[in-house]
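Written out below as structure tokens is the structure these notes cover.
Sequential numbering from 1 along the given sequence is applied to the chain's residues. Keep in mind the model is a prediction, meaning the values are calculated, not measured. In each ligand, atom 1 is the first atom listed, and ligand 1 is the first ligand listed.
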Amino acid sequence: DQDDGDDATPVRWIRINPLKCDIPVVVEQLNKKFPHRVDHWDQLSPGSIYYDEYVPNLFGIHPSEKITSHDLYKQGKVIIQDRASCLPAHILNPGKEDVVMDACAAPGNKTTHLAAHIISAAGDSNGGQAQIHAFEKEPARAKVLQKMTSQAGCGSLVKIHVGDFTRLAVPDQFEDVTAALVDPSCSGSGIFGRKSLESSNDSQDQKLQDRLSKLSSFQFQVVKHAMSMPNARKIVYSTCSVHAEENERVVIDLLLDSKVKEWGWQLSPRSEVVPTWPRRGIAEEFEEVFRDDKPKCQLLAESCIRALPREDGGIGFFAVCFQR
Ligand code: SAM
């Protein structure tokens with residue numbers, strides 16, 4: 001969840017925040033500040049800018065740029081957010097009719113991005129019927145979430161609930177929820193500068209496996225709970241982990257779960273999940289379980305998005321979308 005990256009990031013990603021500004025005006029200001037436009041993020045140098053081809057209103061600049069001292073940043077008109085971390089809200093793409101659950105919300109990067117989608121979709125209105133319920137278990141982190149959403153201009157669009165999502169979000173009381181974003185705690189193995197999780201001996205290997213197994217059963221529970229919301233139609237699950245245990249294997253466990261099947265949840269096809277993003281899920285993980293149906297495994301893997309740390313321009317990441 002350290003979405004602002006660190007000094008080792010190959011690109012500084014900045015997102016225009018429509019809650020605080022008029023997008024074309026800020027695009028013009030960015031063009032003045034970064035006059036040289038490049039075709040790919042790996043060509044960035046000081047003074048240049050890259051318009052991201054996947055996420056609207058997202059730009060890459062050279063990591064040496066001191067954007068935090070610029071007025072656009074200080075006024076909340078641009079937000080620093082890794083590109084991979086912008087994919088979940090982009091995939092969920094909520095509109096002015098939606099009531100969205102952000103199950104694991106702090107510090108709030110994706111919450112403010114969800115709000116940006118709703119406000120952009122609503123045009124001149126203030127979000128219409130839309131609402132975002134942002135849940136955060138840790139009170140100290142919920143304070144950061146409160147600060148971030150209010151600084152970003154989310155106003156009453158975001159309602160913060162402090163506590164465990166799986167207990168607080170009682171399905172009967174959230175009958176109006178139409179969509180959810182589930183971005184639970186993970187190993188963070190895709191984030192730069194995290195201590196390597198790779199092991200050098202058997203005992204470390206066992207510790208890592210135990211940790212991943214605990215994390216994946218927690219991740220499964222949170223997504224499954226979101227799936228129990230009676231009128232939810234779309235759920236995006238994401239991690240900043242590169243481990244299949246927290247990614248494809250959580251998806252497999254969900255697809256095999258009898259309740260999840262009964263509720264009618266399926267993976268959204270590639271065509272609805274940033275189809276031009278090249279790096280997809282690992283088909284071999286699905287083949288371990290659905291071994292006699294390779295075409296199905298290929299389709300399931302294609303439904304997933306993966307990003308490798310640095311090589312894909314930012315943090316390591318995984319995202320997938322369920323729908324019914
Ligand atoms: N979505 C956030 C963002 O983009 O800024 C990052 C979320 S971070 C990966 C996971 C968060 O979920 C942590 O703040 C953690 O405290 C919170 N969390 C963990 N378990 C939770 C639960 N059962 N209910 C609500 N929040 C939980």
Side-chain angles (χ1 to χ4, degrees), residues 1-5 13-15 17 55 58 76 79-92 94 100-117 132-152 154 158-171 173-174 177 179-192 194 211-212 214-229 235-243 246-247 250 305 307 309 314-321:
D1 53 330
Q2 293 169 2
D3 287 331
D4 53 353
W13 294 100
I14 54 173
R15 169 170 77 72
N17 176 18
V55 180
L58 181 73
I79 288 175
I80 297 175
Q81 185 171 352
D82 190 276
R83 173 169 68 177
S85 158
C86 293
L87 293 172
H90 174 60
I91 297 166
L92 196 64
V100 184
M101 261 178 178
D102 188 352
C104 296
N109 293 292
K110 296 178 190 73
T111 320
T112 60
H113 196 198
L114 288 168
H117 269 268
I132 299 171
H133 293 285
F135 292 84
E136 173 51 49
K137 193 176 79 169
E138 301 291 335
R141 290 178 65 87
K143 279 194 184 146
V144 179
L145 172 66
Q146 174 70 60
K147 194 171 164 201
M148 192 166 202
T149 50
S150 88
Q151 278 176 351
C154 295
V158 174
K159 186 170 183 331
I160 294 175
H161 305 259
V162 187
D164 182 338
F165 167 73
T166 60
R167 288 168 189 268
L168 273 192
V170 184
Q173 290 168 14
F174 286 95
V177 166
L181 193 150
V182 182
D183 185 42
S185 308
C186 70
S187 62
S189 53
I191 295 174
F192 320 130
R194 281 282 164 100
R211 181 156 178 245
L212 291 177
K214 273 191 196 135
L215 282 167
S216 63
S217 56
F218 156 73
Q219 290 151 349
F220 169 89
Q221 286 305 333
V222 186
V223 185
K224 186 173 171 183
H225 190 68
M227 287 175 161
S228 73
M229 299 300 140
I235 294 175
V236 171
Y237 168 60
S238 59
T239 72
C240 50
S241 165
V242 293
H243 287 100
E246 300 174 90
N247 299 332
V250 170
I305 281 191
I315 59 169
F317 206 74
F318 177 87
V320 74
C321 184

Under 3.5 Å between some N or O of ligand 1 and some N or O of [X]?
{"X": "Glu138", "result": "no"}
{"X": "Pro184", "result": "no"}
{"X": "Phe218", "result": "no"}
{"X": "Asn109", "result": "yes"}

Main-chain N/O of [Y] paired with [X] side-chain donor or acceptor, under 3.5 Å:
{"X": "Asp82", "Y": "Gly314", "answer": "no"}
{"X": "Glu136", "Y": "Cys104", "answer": "no"}
{"X": "Ser189", "Y": "Val242", "answer": "yes"}
{"X": "Asn109", "Y": "Gln81", "answer": "no"}

Problem set entry | Donor + acceptor pair across side chains of Asp102, Thr111 (<3.5 Å) |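 Distance-only check passes for Asp102 and Thr111.
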For this session: State, without any angle test, whether Thr112 and Thr149 hold a side-chain donor-acceptor pair at a distance under 3.5 Å.
Result: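 No, Thr149 and Thr112 have no side-chain donor paired with an acceptor closer than 3.5 Å.
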List ligand 1 atoms under 4.0 Å from [X], heavy atoms only on the residue side.
{"X": "Gly108", "answer": "3 (C), 5 (O)"}
{"X": "Gly163", "answer": "24 (N), 25 (C)"}
{"X": "Phe165", "answer": "22 (C), 23 (N), 24 (N), 25 (C)"}
{"X": "Ala103", "answer": "25 (C), 26 (N)"}

Problem set entry | Parallel, tilted or perpendicular, as decided by the 30° and 60° cut-offs, for the rings of His90 and His117 |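 Tilted.
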Is it the side chain, the backbone, both or neither of [X] that has a heavy atom closer than 4.0 Å to ligand 1?
{"X": "Ala105", "answer": "backbone"}
{"X": "Cys240", "answer": "neither"}
{"X": "Arg141", "answer": "side chain"}
{"X": "Ser85", "answer": "neither"}

Exercise. Sequence neighbours excluded, which residues qualify as salt bridge (charged side-chain N to carboxylate O under 4.0 Å, His left out) partners of Arg15?
Worked result: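 Arg15: no salt bridge (charged side-chain N to carboxylate O under 4.0 Å, His left out) contacts found.
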Exercise. If you look at every heavy atom in Ser241 and Cys186, which pair is closest and at what distance?
Worked result: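 In terms of heavy atoms, the two residues are closest at N-SG, 4.0 Å.
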Sub-4.0 Å heavy-atom contact, [X] with ligand 1:
{"X": "Pro88", "value": "no"}
{"X": "Gly188", "value": "no"}
{"X": "Asp164", "value": "yes"}

Problem set entry | Identity of the nearest option to atom 15 (C) of ligand 1, non-hydrogen atoms only, from Lys110, Lys137, Glu136 |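 Among Lys110, Lys137, Glu136, the closest heavy atom to atom 15 (C) of ligand 1 belongs to Glu136.
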Run the side-chain donor-acceptor check on residues 163-170: report pairs under 3.5 Å with partners two or more places apart or on a different chain.
unit_1, atom_1, unit_2, atom_2, d
Asp164, OD1, Thr166, N, 2.8
Asp164, OD1, Thr166, OG1, 2.7
Asp164, OD2, Thr166, OG1, 3.4

